[in-house]
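Everything quoted here is computed from the prediction, not taken from an experiment.
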Amino acid sequence: MTSGTPAPSPGTPAPSPGRVPSAAGQVRAVLELRLSALRGRERLRTAAGLGAFFGVVGSAPVVGMLLPRDRVEEYSSLTPTAWLVFALGAALAAGTGSGGRQLLTRAQAAAFPISPAADHLGAVLLAPLNLAWLVQAVGLLTLTAWELGPSPALPTALLLTLLWIVAATCAAQAAGWLVELARTHPAGLAALRGLLAASLLAAVAVAVTGHALEAVRTVPASLVDDALRQTPWEQPGPWLAHAGGLAAATALAWWAGVRLLGEVYRRPPLQQTRSESRGYARRPPPRSSLTAALRIDHAGVTRSAPLRRGLVALTVVPAGVAAASGLPWPLVPLLPGLVASAAGLLFGVNAFALDGPGALWRDSLPGPPRTLLLARLIVLAETCLGAAVLTVLAAGVRAPGPPTGGQVVCVVAATVATCATVVARCAMWSVRRPYAAGLREARDQPAPPGAMAGYAARLSLGTTWLGIVFVWLADIGSPVATVLICAGVLLGALRRLVAVTREWEDPGVRSRVLNIIVDA
């Protein structure tokens, strides 16, 4: 042993050269690394979140059995639709990169390299942290238990439902890697855009003709209903055939996902490279520091690959669903809150991550400190309001009949109140709980997956309750009460924004936020 080599400490196992940990071992090591960085309340929040997750999933069948079953025969035909919607939703989240499926960023993987199998396994394990995935999965388990009730076929039906959830999740992640691989080649990118345009045209045609539900219900119900009602000990053949088919589909999706991700590793990110290497025309000098800050923030959003993709998904998908659903006007106030909360998750929950390593340069620009905060909140408000207004207009196209004056007031009040609530909460989280996160790569998110799950739950619950209040006001027809409640919500949001602005003007708080952001 040379003098420069330290002696191993007693009890330390000798490293085994040439041995590579398995995918499960690599994922376990990364998760342990993440958990070791948690301190104090963060550990309690993580434990509480995991407990709530398993509690909600475990109680779903119990809730389904306790629900009244007087109309179960009438709604039993919705089961195939629910299964299909879950698969499409999981694929959409994976394809748009909004599923929170990044175990390690590319910069972190340089120091902690992991295999494609480990990265794919991490993506599958992180899929339940997506609130939409969790709600739909819990809905499937609840619907299965409600349809069958306390019968001998219920345990095997729940097992079949879990197999479908796992198979659909693995297939969705594989489809997501395929989409990312296609984006690394010009021909693949053109094919994706053509497929997206064709899908939108088909969806618009189905929605305009009023055959949306009929198109969804064309899925053969026997693939679901017959298998759910069978037990392996009474008729083992059909049940085992369905379970074996789902297991085989899971194995095939797993193999395809690992191979596709390996190809993605070997390809350069085309969209990111094009956006960062192209030349941009010089624009006239801005007239004020706020105008300059807004110009930089708008460019930061439009030139970020994950944000561009998120903006497209945020505007097209909710608008298409709203147009196809044909909601009556009293229920339209529910939509702005859901869309605004999704807009806040794009970058608003960690708004200063939009600058990345350039945050110190932004802070050194002339002008008061509140200019940077004000510009960021204006861009966030534009994103929330734009998506919410587009969704409301799309819903109004298919809404039965014209709205009354009171209903219009409720829709406008719900849009303004929910967007103000989202902006105020995002401003508070951005200043008090910043994260080092880059928004350059396709799978980048403004915060870690666990934090994003918590933000999604809190934003969705808050805006949903506000939407329910405005739905009730639209039903009773009280414009005065609607305006008063909206004014109260706006005053509460304004008070929170004023408090956050005072915190941001503190040099110590601002330095802490910027030091965390530049580490991305």
Side-chain angles (χ1 to χ4, degrees), residues 30-60 89-90 93 97-105 122-139 306 310 314 337-354 380 383-384 418-419 421-439 443-467 493 496 500 503 512-513 516-517 520:
V30 173
L31 294 179
E32 290 176 354
L33 179 65
R34 295 285 193 189
L35 293 176
S36 64
L38 300 178
R39 296 291 184 272
R41 293 183 178 179
E42 294 294 335
R43 285 182 174 270
L44 295 177
R45 289 173 180 170
T46 302
L50 290 175
F53 171 78
F54 289 108
V56 170
V57 174
S59 61
S98 60
R101 55 196 181 99
Q102 191 170 26
L103 192 63
L104 284 176
T105 63
V124 173
L125 294 178
L126 293 178
L129 295 181
N130 185 5
L131 186 63
W133 185 99
L134 179 60
V135 170
Q136 294 184 63
V138 171
L314 182 65
L338 298 177
V339 178
S341 60
L345 294 174
L346 282 179
F347 65 92
V349 294
N350 190 22
F352 298 105
L354 194 63
L380 177 59
T383 305
C384 295
T418 52
C419 290
T421 301
V422 169
V423 171
R425 289 191 176 186
C426 289
M428 180 186 66
W429 292 330
S430 298
V431 173
R432 297 178 183 177
R433 298 185 61 189
Y435 292 96
L439 294 175
R443 292 188 291 159
D444 282 347
Q445 287 192 314
M452 291 297 294
Y455 289 149
R458 296 176 68 177
L459 285 177
S460 299
L461 290 176
T463 54
T464 300
W465 278 113
L466 272 178
R496 185 173 293 175
V500 170
E503 293 181 18
R512 176 182 61 84
V513 174
I516 294 176
I517 295 299

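Contact detail for Trp133 and Ala90: the closest heavy-atom pair is CD1-CB, 4.5 Å. Of all heavy-atom pairs between Cys426 and Leu380, the closest is CB-CD2, 3.7 Å. In terms of heavy-atom proximity, Ser430 sits nearest to Ala351 at OG-N, 2.9 Å. For Phe352 against Ile517, the heavy-atom pair with the smallest separation is O-CG2, 3.3 Å. Here the shortest heavy-atom pairing between Pro446 and Leu345 reads CG-O, 3.6 Å. The minimum heavy-atom distance linking Arg432 with Arg512 is given by the pair O-NH1, 3.7 Å.
Rounded to the nearest 0.5 angstrom, Leu346 CG and Thr383 OG1 are separated by 7.0 Å.
Considering only heavy atoms from C-beta on, Pro128 stays 4.5 Å or farther from Leu134 through its side chain. Side-chain contact between Arg433 and Tyr455 is present, with heavy atoms from C-beta onward closer than 4.5 Å. For the pair Met452 and Tyr435, the minimum side-chain heavy-atom distance is 4.5 Å or more. Using a 4.5 Å cut-off on side-chain heavy atoms (C-beta onward), Trp429 and Val500 make no contact.
Checking each of Thr421, Thr463, Thr418 against Ser341 for a side-chain contact (heavy atoms from CB on, under 4.5 Å) leaves exactly one that passes, namely Thr463.
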